[in-house]
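Have a look at the structure below, then the notes.
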Amino acid sequence: MPSPLLSLDFLYGTAWKEERTAALTELAVRTGFRGIDTANQRRHYFEAGVGEGLTAAYRVGVVTRAELFLQTKFTYRRGQDHRLPYDPAASLTVQVAQSLAGSLEHLDTHYVDSFVLHGPASGHEWSEADAEVWEAMRKERDAGRARLLGISNVTVQQLEQLASSGAEIPTFVQNRCFARLGWDRDVRTFCDRHKITYQGFSLLTANPEVLQHAPLMTLAAQLEATPAQVIFSFAHAVGMLPLTGTSSAEHMIADLASVRLALPQALVQAIESIAG
Ligand SMILES: NC(=O)c1ccc[n+]([C@@H]2O[C@H](COP(=O)([O-])OP(=O)(O)OC[C@H]3O[C@@H](n4cnc5c(N)ncnc54)[C@H](OP(=O)(O)O)[C@@H]3O)[C@@H](O)[C@H]2O)c1
């Protein structure tokens, strides 16, 4: 099976779009996004709306299911509101299966390309609950309902604990990426070492100081690019798979165009070390 990552430059994030989810998902696909990130977490995502947008895009022949990379997530009870995608009294293993079954229904597909643990159960360790969920996710993958697995909102300590437990290493890590933490340097280093693809989110919203950094703005202007495009281009240059959740047609085009922006290596290094 060819790697679904080969032609994947960007993920379109579908959080916080509520009744605009279907139209914006369809627009993102029409604009050229081929990777879609969602979650079976009604509190922040309207996954059925993502499915509606995809169906509309399939109907007009913009894209086929096979040409897309669809990623969803399993979210623990504490990250959900009352609109749960599983029976909270069921075991975690059953909750994982019910959550993914719901996602497949929402997205009208037999498999997702990536199934992500939205975040470990606690902020500081890889717990027994996480081990159970991870094993349940692996079984879903082995049954063909997901192709690849990932973990989000994870620390390097948790990844190290997971690795030393002998459990399978994820294909993806998806984290909020703060420039002031060296763009999540510790986690990215772990990812490099284990051939994990690092997906970065909040690249713009977590880093307003970078977007207003005077030397960066000057360099962006020289490249005829916006500071946002420079950040996304930097993310690509250091091997990240970035997410954007823009609701603007203009920004969708600009964000995709950032992939073709070749930053001088010195600029990549300067941005990498912006936090010192
Ligand atoms: N795993 C997790 O826990 C988690 C958490 C948060 C997010 N996510 C995922 O990541 C996705 C992205 O979320 P995010 O936190 O990165 O924020 P976001 O929803 O992508 O917001 C980015 C902000 O940047 C602006 N923007 C985008 N492109 C721009 C451009 N070219 N020029 C200027 N402004 C631009 C957007 O405004 P406009 O709309 O006006 O363009 C928006 O205000 C989410 O939809 C979700 O799928 C995952």
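Ligands are counted one by one from 1 in listed order, and the atoms in each one are counted from 1 as well. Values below: every heavy atom of this structure, side chains too, minus hydrogens, waters and symmetry copies.
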**Asked** Just which atoms of ligand 1 are under 4.0 Å from any heavy atom in His118?
**Response** 1 (N), 2 (C), 3 (O)
**Asked** Between CD of Gln157 and NE2 of His124, what distance do you get to the nearest 0.5 Å?
**Response** 11.5 Å
**Prompt:** Within a distance of under 4.0 Å, is there any protein heavy atom near atom 42 (C) of ligand 1?
**Reply:** no
**Request:** Consider every N or O of Gly13 and every N or O of ligand 1, then say whether any pair is closer than 3.5 Å.
**Result:** yes
**Message:** So if I count the atoms of ligand 1 from 1 in the order they appear, which ones are less than 4.0 Å from some heavy atom of Asp255?
**Reply:** 27 (C), 28 (N), 29 (C), 30 (C), 31 (N)
**Request:** Mark yes when over 12 heavy atoms from residues, nucleotides or ligands other than Arg138 sit less than 6.0 Å from its CZ; otherwise mark no.
**Result:** yes
**Asked** Can Leu24 be reached from Tyr45 by stepping across I, L, V, M, F, W or Y side chains whose heavy atoms are under 4.5 Å apart?
**Response** no
**Message:** Which residue is it: Phe201, Phe232, Phe69? I am looking for the one with a ring pair (Phe, Tyr, Trp, His ring centres under 6.0 Å) to Phe10.
**Reply:** Phe232
**Complete:** protein heavy-atom neighbour closest to atom 18 (P) of ligand 1 works out as Gly245 N, 3.8 Å
**Complete:** In ligand 1, the atoms that come under 4.0 Å of a heavy atom of Asn153 are 1 (N), 2 (C), 3 (O)
Below 3.5 Å, can you tabulate the donor-acceptor pairs from side chains in residues 51-58 to any protein atom, sequence neighbours excluded?
from	atom 1	to	atom 2	distance (Å)
Thr55	OG1	Gly51	O	2.9

**Message:** Give me the nearest non-hydrogen protein atom to atom 5 (C) of ligand 1 as residue plus atom name, then the distance to 0.1 Å.
**Reply:** Phe201 CE1, 3.2 Å
**Message:** Show me which atoms of ligand 1 lie under 4.0 Å from any heavy atom of Ala15.
**Reply:** 44 (C), 45 (O), 46 (C)
**Prompt:** Taking only heavy atoms of Leu204, which atoms of ligand 1 are found under 4.0 Å from at least one of them?
**Reply:** 24 (O), 26 (N), 27 (C), 28 (N), 29 (C), 35 (C)
**Message:** Is there a path of hydrophobic side-chain contacts, each under 4.5 Å between heavy atoms, that joins Ile196 and Val116?
**Reply:** no
**Prompt:** For ligand 1, which atoms have a heavy atom of Ala228 less than 4.0 angstrom away?
**Reply:** 30 (C), 31 (N), 32 (N)
**Request:** Could you list the atoms of ligand 1 found under 4.0 angstrom from a heavy atom of Gln174?
**Result:** 1 (N), 2 (C), 4 (C), 48 (C)
